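Worksheet: one structure, shown below.
Proteins come first, then strands; the chains are lettered A, B, ... in the order of their sequence lines, and each starts at number 1. Bear in mind the structure is a predicted one, so any value in this text is a computation, not a measurement.
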Protein chains: 2
Amino acid sequence: MNEADNLIPPRSERRDAAENRQRILNAALRLFEQHGVEQVSMNQIATEAQIGPGTLYRRYRNKSELCLDLIKDNLVMVFEDIEEYLEQNRSASPKTRLKGILTLFIRFRETKTQLITGVEDTAQTSRPKSRTRSPLYDELHGLIVKQFDEITALEKVQMNTNSVFQADLLLTALSSDAYLFQRDVRGYTPDEIVEQLCATFIGH
Amino acid sequence: MNEADNLIPPRSERRDAAENRQRILNAALRLFEQHGVEQVSMNQIATEAQIGPGTLYRRYRNKSELCLDLIKDNLVMVFEDIEEYLEQNRSASPKTRLKGILTLFIRFRETKTQLITGVEDTAQTSRPKSRTRSPLYDELHGLIVKQFDEITALEKVQMNTNSVFQADLLLTALSSDAYLFQRDVRGYTPDEIVEQLCATFIGH
DNA sequence: TTGACAAGTGGAGATGTCTCCGCTTAAGAT
DNA sequence: ATCTTAAGCGGAGACATCTCCACTTGTCAA
């Protein structure tokens with residue numbers, strides 16, 4: 001069960017609905033593990049969960065949302081880890097702390113590569129033009145902006161670069177597309193990618 | 001007709017095949033203009049061109065390839081423009097030239113936004129895992145790497161950043177996803193984006 | 001011309017996404 | 001217990017991508 005869900009809606013979930021939710025999650029987990037996230041269709045998940053396609057789509061508008069639900073808990077944990085790290089390294093330089101954040105995030109990324117790619121794949125037909133990013137994106141973005149701002153404040157030199165822009169750029173480098181390209185085609189290890197990113201965004 | 005095509009294959013195209021190619025291109029152009037690239041399906045294009053779906057897919061494995069064919073000529077022109085620009089600014093600093101390249105490319109990008117997005121959308125089912133990039137990508141990438149290398153050579157300070165990595169990063173910022181996010185959500189103008197990119201990759 | 005055959009065609013159909021809507025059922029009110 | 005009702009269900013079906021393969025047609029050599 002997902003405790004983060006019942007915070008906003010005061011109305012409780014119907015018992016049968018809750019059961020179906022579990023069936024879906026279990027079925028998806030099973031199929032993803034067996035065949036890989038990309039290879040599994042919403043149809044298969046519905047069949048495996050023994051529900052109709054309509055029921056599946058009522059809860060998750062597409063595979064992307066389903067994947068997100070499957071890593072939501074882990075995502076929350078990562079942010080807690082990062083928060084804790086920042087707590088314990090309050091005295092460290094912002095540059096060090098930024099590197100710490102990146103390392104933590106990429107470590108997580110590596111453990112959930114397939115699901116994260118699944119989350120980002122919103123190649124669906126009915127598009128509300130998701131030009132906008134998720135709240136999760138915004139949270140990580142905010143953390144990074146903060147580090148950039150502290151770096152800028154520390155060094156007298158007035159950077160004429162915008163922290164928000166830089167953070168966006170840094171985060172697109174962590175998207176599945178860009179990240180896996182660097183790792184699998186360019187052949188960098190995760191640590192080397194962190195290294196390169198730090199070198200790019202915070203000189204030497 | 002597309003003169004760039006007949007360079008490699010010595011075997012000529014059958015007459016009826018050439019005609020169908022034209023029908024496809026014309027139909028696609030018409031429908032794209034009328035409804036927008038995203039809204040048009042391969043089926044619609046086949047119908048409009050009065051050919052079977054199989055014939056369409058024989059020539060273009062997906063909409064992405066079709067879009068690429070539709071801008072290939074323009075793409076070649078952009079590279080010629082860039083080449084010419086570099087020619088005429090041989091004496092300028094590499095930083096200036098890099099900015100020139102970016103400006104030229106983004107200007108082109110703005111004129112073909114929809115088609116470029118269409119090219120990048122490879123959300124198809126049969127994936128040979130297109131982790132690799134196109135030759136077009138590689139060409140632009142090479143140009144940018146060259147500028148970076150010249151910048152590094154000029155300044156005594158040994159950058160511990162890899163030009164290849166930096167060029168990749170710069171180019172992901174020019175992908176539809178990232179670029180349109182900056183333009184439409186963050187609200188930057190094309191020129192401001194160039195400005196930010198320059199500020200990020202080549203200090204002040 | 002004609003024959004052979006590679007190249008090309010088209011549409012049926014497998015599979016997938018996603019919606020619509022009539023039917024069912026859990027849950028609070030009476 | 002029963003009634004009401006909104007939440008939930010599920011499958012038919014619209015529409016999309018993409019493949020397969022029996023059939024057709026240009027093209028080239030003889």
Using whole Å, report how far [atom1] of [X] lies from [atom2] of [N].
X: A:E38; N: C:dG16; atom1: CD; atom2: C1'; result: 15 Å
X: A:R23; N: D:dG10; atom1: CZ; atom2: C1'; result: 13 Å
X: A:K63; N: C:dT15; atom1: NZ; atom2: P; result: 16 Å
X: A:E13; N: C:dA27; atom1: CD; atom2: C1'; result: 14 Å
X: A:D16; N: D:dG10; atom1: CG; atom2: P; result: 9 Å
X: A:Y57; N: C:dT17; atom1: OH; atom2: P; result: 5 Å
X: A:I45; N: C:dC18; atom1: CD1; atom2: P; result: 12 Å
X: B:L56; N: D:dA16; atom1: CG; atom2: P; result: 13 Å

> Within a radius of less than 6.0 Å around CD of A:Q50, do more than 12 heavy atoms belonging to other residues, nucleotides or ligands occur?
Replying inline: no
Looking only at side-chain N and O atoms, does [X] come under 4.0 Å of OP1 or OP2 in [N]?
X: A:R58; N: D:dG8; value: yes
X: A:R15; N: C:dA27; value: yes
X: A:N20; N: D:dC9; value: yes
X: B:T55; N: C:dG10; value: yes

>> As a test of reading the structure: which of C:dG16, D:dA16, C:dT19 is closest to the side chain of A:Q44, going by heavy atoms?
In response: C:dG16
> For the side chain of B:N62, counting heavy atoms from C-beta on, which of D:dC18, D:dC9, C:dG8 is nearest?
Replying inline: D:dC18
> Do A:S176 and A:R109 get their side chains close enough for a donor-acceptor pair, meaning under 3.5 Å?
Replying inline: yes
>> Just so I know, are the side chains of A:L136 and A:L68 near enough to count as touching, which here means a heavy-atom distance under 4.5 Å?
In response: yes
>> Over 60° means perpendicular and under 30° means parallel, so tell me whether A:F165 and B:Y188 are parallel, tilted or perpendicular.
In response: perpendicular
>> Below 30° counts as parallel, above 60° as perpendicular, anything between as tilted: where do the rings of A:F181 and B:Y137 land?
In response: perpendicular
>> At 4.0 Å (heavy atoms only), tell me whether A:N43 reaches a base, stays on the sugar-phosphate, or touches nothing.
In response: base
> If you find the nucleotide of DNA chain D closest to B:R14 and the one closest to B:G54, which residue's nucleotide is nearer the 5' end?
Replying inline: B:G54
